[in-house]
Amino acid sequence: MDSHFDTNTVYVSVFAGAGGEDAKDWARMLLLMYRKYCDRKNLKYSFVNDNTLEVKGKDIYDVLKDESGVHRLVRISPFDAKKLRHTSFALVEVVPAFRKIGADDIAIPEKDLKIEFTRSSGPGGQNVNKVETAVRIVHVPTGIAVTSQVERSQSQNREKAMVLLKSRLAKVMEEKHERELANLKARVEPEWGHEIRSYVLHPYKQVKDHRTGLKISKVEDVLEGNLDLLKNVL
């Protein structure tokens, strides 16, 4: 995992899929399951919005990342007057927090810089148009160019230009890492054929992980937040 991601902080989001009111209720049940898991593990968590938890804990992303995917529930629907069996889907998304990149975090090798000195053409005190105080720096790998000419000395302008260059590079890097973060998000529809795990409450009780084929019967315990029961599944 890239160092610009904080694996000690994750965002767990649950989205209702196919299944109407049952699916909305299933999404709430899953969110409650993760809250109860946090309580069991004494993990700090808080709501970011109605369907997203921020969870903090050592390497918590590695612990919870395999929860990402479609979860399927089979049960007698509490919303069906005829008490028929319904299947509901919800999408769970687990992503690590993104650390903002600051200019101080960026080290630029000298070989990546092309530095030019010219005479200032604007404000700059008595040195304007007399000595080469203006500084133009090009970051060769990206082609980003910055200029500073407002300071009185060449060294001051170089320092200001470097700050500007690092700030622009930080923005570019931040956008790149945000794209990488987006790629970690689940890209499947919460419906038939995409589920990673099924929770069956009727006509029998079972949790099945479709990635490994492993099955356990303690479905209520899992829904109460005892995800350790699935440690051989994940």
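Quantities reported herein were computed from a predicted structural model and do not represent experimental measurements.
- With rounding to the nearest 0.5 Å, the separation of OG1 in Thr142 from CG in Leu165 is 7.0 Å.
- The shortest non-hydrogen separation linking Ala16 to Ala23 is CB-O, 3.6 Å.
- Connection of Val14 to Val219 is established within a shared hydrophobic cluster, with ILVMFWY side chains joined at heavy-atom distances below 4.5 Å, either directly or through further cluster members.
- The shortest distance between side-chain heavy atoms of Val172 and Ile144 falls below 4.5 Å.
- If you check the side chains of Asp39 and Tyr45, you find a donor sitting under 3.5 Å from an acceptor.
- For the side chain to side chain donor-acceptor pair (under 3.5 Å) test, residues two or more places apart in sequence or in another chain that qualify with Ser198 are Arg72, His210.
- Considering only heavy atoms from C-beta on, His139 comes within 4.5 Å of Leu169 through its side chain.
- Leu53 places none of its side-chain heavy atoms less than 4.5 Å from the side chain of Tyr11.
- The aromatic ring centroids of His71 and Phe89 lie 6.0 Å or more from each other.
- Cluster membership for Val222 and Val74, using ILVMFWY side-chain heavy atoms within less than 4.5 angstrom, is not shared.
- Interatomic distance, Ile216 CD1 to Asp221 CG, rounded to the nearest 0.5 Å: 8.0 Å.
- With sequence neighbours excluded, the residues that form a side chain to side chain donor-acceptor pair (under 3.5 Å) with Thr52 are Ser13, Asn49.
- Judged by distance alone, the side chain of Ser68 and the main-chain N or O of Val94 form a donor-acceptor pair under 3.5 Å.
- Proximity of Ser217 to Gln206: side-chain heavy atoms (C-beta onward) are nowhere separated by under 4.5 Å.
- One hydrophobic cluster holds both Val48 and Val10 under the rule that ILVMFWY side chains link at heavy-atom gaps under 4.5 Å.
- Contacts of Leu164 classified as side-chain contact (heavy atoms from CB on, under 4.5 Å), with partners at least two apart in sequence or in another chain: Val146, Arg168.
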>> Could you walk me through whether Leu64 and Val12 satisfy the side-chain contact (heavy atoms from CB on, under 4.5 Å) test, starting with their C-alpha distance in whole Å, then the side-chain angles of each, then the deciding distance to 0.1 Å, before giving a yes or no?
In response: CA-CA 9 Å; Leu64 292 177; Val12 180; 4.1 Å; yes
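- Between Asp209 and Arg197, the shortest heavy-atom distance links the atoms OD2-NE, 4.0 Å.
- For Lys82, the side-chain contact (heavy atoms from CB on, under 4.5 Å) criterion is met by Asp80, Leu84, not counting sequence neighbours.
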Table please: side-chain donor-acceptor pairs of residues 29-36 below 3.5 Å, with sequence neighbours left out.
| residue | atom | partner | partner atom | Å |
| --- | --- | --- | --- | --- |
| Tyr34 | OH | Glu67 | OE1 | 2.6 |
| Lys36 | NZ | Glu224 | OE1 | 3.0 |
| Lys36 | NZ | Glu224 | OE2 | 3.0 |

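- Considering only residues two or more places apart in sequence or on other chains, Asp59 meets the salt bridge (Lys or Arg N to Asp or Glu O under 4.0 Å) condition with none of them.
- Hydrophobic cluster membership differs between Phe79 and Trp26, with clusters built from Ile, Leu, Val, Met, Phe, Trp and Tyr side chains linked at under 4.5 angstrom.
- The minimum heavy-atom distance linking Ala145 with Arg136 is given by the pair CB-NH2, 3.7 Å.
- By the 4.5 Å heavy-atom criterion applied to side chains, Tyr61 and Phe5 are not counted as neighbours.
- Put simply, the side chain of Thr133 does not reach to within 4.5 Å of the side chain of Gln149, judged on heavy atoms.
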>> With side-chain contact (heavy atoms from CB on, under 4.5 Å) as the criterion, how do Val207 and Lys215 come out once you've worked through the C-alpha distance, each side chain's angles and the decisive distance to 0.1 Å?
In response: CA-CA 6 Å; Val207 178; Lys215 304 173 184 178; over 6 Å; no
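- Contact of the Lys208 side chain with the Leu214 side chain is not registered, since no non-hydrogen atoms from C-beta on lie closer than 4.5 Å.
- In this structure, the side chain to side chain donor-acceptor pair (under 3.5 Å) partners of Lys205, at least two apart in sequence or on a different chain, are Glu220.
- From Asn157, atom CG reaches atom CD1 of Ile137 across 9.5 Å, with rounding to the nearest 0.5 Å.
- When the shell of 6.0 Å around CZ of Arg85 is examined, it contains 12 or fewer heavy atoms from other residues, nucleotides or ligands.
- A distance of 9.5 Å separates CE in Met162 from CD1 in Ile106, rounded to the nearest 0.5 Å.
- Among residue pairs with one or both ends in residues 20-29, those qualifying as salt bridge (charged side-chain N to carboxylate O under 4.0 Å, His left out) are Glu21-Lys24, Asp22-Arg75, Asp25-Arg28, Asp25-Arg75; sequence neighbours excluded.
- Here Lys44 contributes atom NZ and Asn8 contributes atom CG; the two are 12.0 Å apart, rounded to the nearest 0.5 Å.
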> Stepwise, does the side-chain contact (heavy atoms from CB on, under 4.5 Å) test hold for Leu113 with Val138?
Replying inline: CA-CA 6 Å; Leu113 299 176; Val138 179; over 6 Å; no
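- Listed by chain and number, the residues in a salt bridge (Lys or Arg N to Asp or Glu O under 4.0 Å) with Lys218 amount to none (sequence neighbours excluded).
- Counting only heavy atoms from C-beta outward, the side chains of Val63 and Tyr37 approach each other to under 4.5 Å.
- With hydrogens and angles ignored, the 3.5 Å screen pairs no side-chain donor or acceptor of Asp6 with any backbone N or O of Ala97.
- Listed by chain and number, the residues in a side-chain contact (heavy atoms from CB on, under 4.5 Å) with Glu159 amount to none (sequence neighbours excluded).
- Leu223 and Leu43 fall within the same hydrophobic cluster, where Ile, Leu, Val, Met, Phe, Trp and Tyr residues are linked whenever their side-chain heavy atoms come under 4.5 Å apart, directly or through other members.
- A search for side chain to side chain donor-acceptor pair (under 3.5 Å) contacts involving Lys41 returns Asp228, not counting sequence neighbours.
- To the nearest 0.5 angstrom, Ile196 atom CD1 is 7.5 Å from Asp66 atom CG.
- By the salt bridge (Lys or Arg N to Asp or Glu O under 4.0 Å) test, Lys166 is found to be paired with no residue, residues two or more places apart in sequence or in another chain being considered.
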